[in-house]
Chemist: 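Can you read through this structure? Questions will come right after.
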Number of protein chains: 2
Amino acid sequence: MTQVRPMRADARRNYERLLKAAAEAFAEHGENASLDDIAKRAGVGSGTLYRHFPTRQALLEAAYVDRIEALGLRADEIARELPPGEALIEWLYEVCVGTIEVRGLKTLLGSAVTDGSSAAVTACGTFMKDAAGRLVGAAQKEGTLRPDLEPVDVLRLAHGISTASELADGRGAHIRRYLLLLTEGLRP
Amino acid sequence: MTQVRPMRADARRNYERLLKAAAEAFAEHGENASLDDIAKRAGVGSGTLYRHFPTRQALLEAAYVDRIEALGLRADEIARELPPGEALIEWLYEVCVGTIEVRGLKTLLGSAVTDGSSAAVTACGTFMKDAAGRLVGAAQKEGTLRPDLEPVDVLRLAHGISTASELADGRGAHIRRYLLLLTEGLRP
DNA sequence: CATTAAACGGAGACAGTCCCCGCTTTCTGT
DNA sequence: ACAGAAAGCGGGGACTGTCTCCGTTTAATG
């Protein structure tokens with residue numbers, strides 16, 4: 001996975017700069033921030049940007065992997081604090097909040113749970129699916145979650161909840177309620 | 001609501017042509033189809049397009065109002081065929097299928113249930129909310145739907161289900177199942 | 001150092017959005 | 001029927017963003 005030959009010093013430096021600039025720009029202007037502008041912020045030519053990150057997706061992913069890893073770790077942390085059923089819901093809540101607060105993370109997580117994505121994005125997806133899998137498995141074992149649910153289903157539904165909440169107010173104010181409706185069902 | 005002075009004949013003609021071209025283009029290339037290209041297809045200058053439809057949203061709406069009206073009518077049709085609880089679900093299913101099959105309709109319906117949209121989009125939204133309101137009210141009266149649900153909540157959640165299904169396979173194959181999970185809840 | 005291959009950068013081709021304003025067409029009153 | 005007014009047309013062009021190509025620079029290596 002790692003490069004055979006280590007990266008050249010200037011390449012590594014530019015890579016880091018781009019990442020920093022990208023995170024800033026995405027946070028500021030959303031996932032459609034101008035790529036040439038990101039290159040400019042980083043003080044490199046646009047060619048350099050496109051060499052390191054061939055697609056917007058690739059850059060988006062690289063800029064937010066740490067966030068995703070944090071979410072994955074958070075899963076186990078929560079699992080230690082709460083009973084399995086509640087832990088899953090709480091984690092999904094945090095995932096939803098993340099996708100709404102950090103503009104750009106949503107797109108990335110979305111394609112991470114999409115069938116037939118690129119290899120790079122798949123790595124992200126696997127990480128999330130594994131984290132979800134642990135919580136889902138525990139809740140199912142406990143008997144508080146339907147046994148026919150796959151981790152990826154849960155992630156996709158959470159993504160749907162994010163979307164619904166976003167429609168409601170652009171902030172995350174409705175996440176808790178919509179997540180509750182999902183877990184409890186729409187019947188009285 | 002109608003113009004004080006009726007539209008000039010050429011204006012009306014161009015308006016219709018644009019609408020037809022737009023529906024084609026959106027269906028073919030998705031909601032981001034080139035607007036200048038739509039103008040070209042319609043055989044008018046781009047200035048004419050932008051005069052009639054100041055924003056992409058406006059054009060999108062105009063091109064798909066009939067679809068939305070059809071969905072609204074479908075609500076009452078289904079209400080006559082099925083008991084209230086089932087009718088709501090079936091209608092939501094058809095709404096979801098529509099948003100996935102007809103590229104562009106999803107964005108429109110999305111902004112129709114968003115707080116703080118333009119007046120024009122609001123008209124669309126009101127129509128859908130009214131239709132949903134009738135089904136939701138009936139189901140609540142029957143006792144098969146939580147009484148604390150607003151029609152707009154249901155529409156937003158349906159939108160979320162569409163998003164989740166889209167992630168799954170790009171087609172609508174998962175809609176039924178995800179809709180069932182929403183109505184039944186995630187518990188066993 | 002000298003060599004060499006990796007990496008850089010930014011000009012420029014291309015595509016999309018949207019406005020501006022001189023020209024054309026329709027409508028109106030006589 | 002026709003002249004004048006006003007509504008409407010259209011496409012040129014400014015602007016922004018994407019992405020590639022290739023001559024130049026720079027780090028690594030013996």
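In what follows, every chain begins at residue 1, and chains take the letters A, B, ... in the order their sequences are listed.
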Chemist: Using a heavy-atom cut-off of 4.0 Å across all strands, would you classify A/Ser34 as base, sugar-phosphate, or nothing?
Modeler: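 Counting heavy atoms under 4.0 Å across all strands, the contact made by A/Ser34 is with sugar-phosphate only.
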
Chemist: Could you please spell out the steps behind the side chain to side chain donor-acceptor pair (under 3.5 Å) verdict for B/Lys40 and B/Ser34?
Modeler: CA-CA 10 Å; B/Lys40 207 158 286 170; B/Ser34 158; over 6 Å; no

Chemist: Is any side-chain nitrogen or oxygen of B/Asn14 closer than 4.0 Å to OP1 or OP2 of D/dC9?
Modeler: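 Yes, because at least one side-chain N or O of B/Asn14 sits under 4.0 Å from OP1 or OP2 of D/dC9.
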
Chemist: Hey, what's the ring geometry for A/Phe26 with A/Tyr64, parallel, tilted or perpendicular (30° and 60° as the breaks)?
Modeler: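 Ring orientation, 0 to 90° scale: tilted.
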
Chemist: Between B/Trp91 and B/Glu86 (side chain of the first, backbone of the second, donor and acceptor by atom type, cut-off under 3.5 Å), is there such a pair?
Modeler: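 A pair under 3.5 Å: no.
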
Chemist: How long is the line joining CG of A/Leu18 and P of C/dC8, in whole Å?
Modeler: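 My rounded result for the distance is 9 Å.
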
Chemist: Got a donor-acceptor contact below 3.5 angstrom from the A/Arg17 side chain to the A/Arg12 backbone?
Modeler: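 The answer is no, because no donor-acceptor pair under 3.5 Å joins these two groups.
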
Chemist: Given atom CD of A/Glu16 and atom P of C/dC8, what is their separation to the nearest angstrom?
Modeler: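 The answer, rounded to whole Å, is 13 Å.
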
Chemist: Is A/His52 close enough to C/dC8 that one of its side-chain N or O atoms is under 4.0 Å from OP1 or OP2 there?
Modeler: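 For A/His52, the contact criterion (side-chain N or O under 4.0 Å from OP1 or OP2 of C/dC8) is met.
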
Chemist: Under a 3.5 Å threshold, yes or no: a donor from one side chain and an acceptor from the other, between A/Thr55 and A/Gln57?
Modeler: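 Checked: A/Thr55/A/Gln57 side chains show no N/O donor-acceptor pair below 3.5 Å.
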
Chemist: Looking at A/Ser165 and A/Ile161, would you say the former's side chain and the latter's main chain have a donor-acceptor pair under 3.5 Å?
Modeler: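 Pair found, side chain donor or acceptor close to backbone of A/Ile161.
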
Chemist: Give the minimum heavy-atom separation between B/Ala39 and B/Leu49, together with the two atoms involved.
Modeler: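 Between these two residues, the closest heavy atoms are N-CD1, 3.7 Å.
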
Chemist: N/O contacts under 3.5 Å, protein versus nucleotides 27-30 of chain D?
Modeler:
residue, atom, partner, partner atom, Å
D/dA28, OP1, A/Ala9, N, 3.0

Chemist: Quick one: salt bridge (Lys or Arg N to Asp or Glu O under 4.0 Å) partners of B/Glu77, sequence neighbours excluded?
Modeler: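 Expected list: B/Arg74.
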
Chemist: Calculate the interatomic distance between B/Ile38 atom CD1 and C/dG16 atom P; express it in whole Å.
Modeler: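 Computing the B/Ile38:CD1 to C/dG16:P distance gives 11 Å.
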
Chemist: I'd like to know if B/Arg176 pairs up with B/Glu90 as an ion pair, taking the criterion as any Lys NZ or Arg NE/NH1/NH2 lying under 4.0 Å from an Asp or Glu carboxylate oxygen.
Modeler: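 Counted as a salt bridge, because a side-chain N and a carboxylate O are separated by less than 4.0 Å.
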
Chemist: Show me the protein contacts with nucleotides 19-22 of chain D, counting only N or O atoms at under 3.5 Å.
Modeler:
residue, atom, partner, partner atom, Å
D/dC19, N4, A/Asp36, OD2, 3.1

Chemist: Rounding to an integer number of Å, can you tell me how far B/His29 NE2 sits from C/dA15 P?
Modeler: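 Those two atoms, NE2 and P, are 13 Å apart.
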
Chemist: Name the nucleic acid region contacted by B/Asp37, choosing base, sugar-phosphate or nothing; use a 4.0 angstrom heavy-atom cut-off, strictly under.
Modeler: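 B/Asp37: no heavy atom of the nucleic acid under 4.0 Å.
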
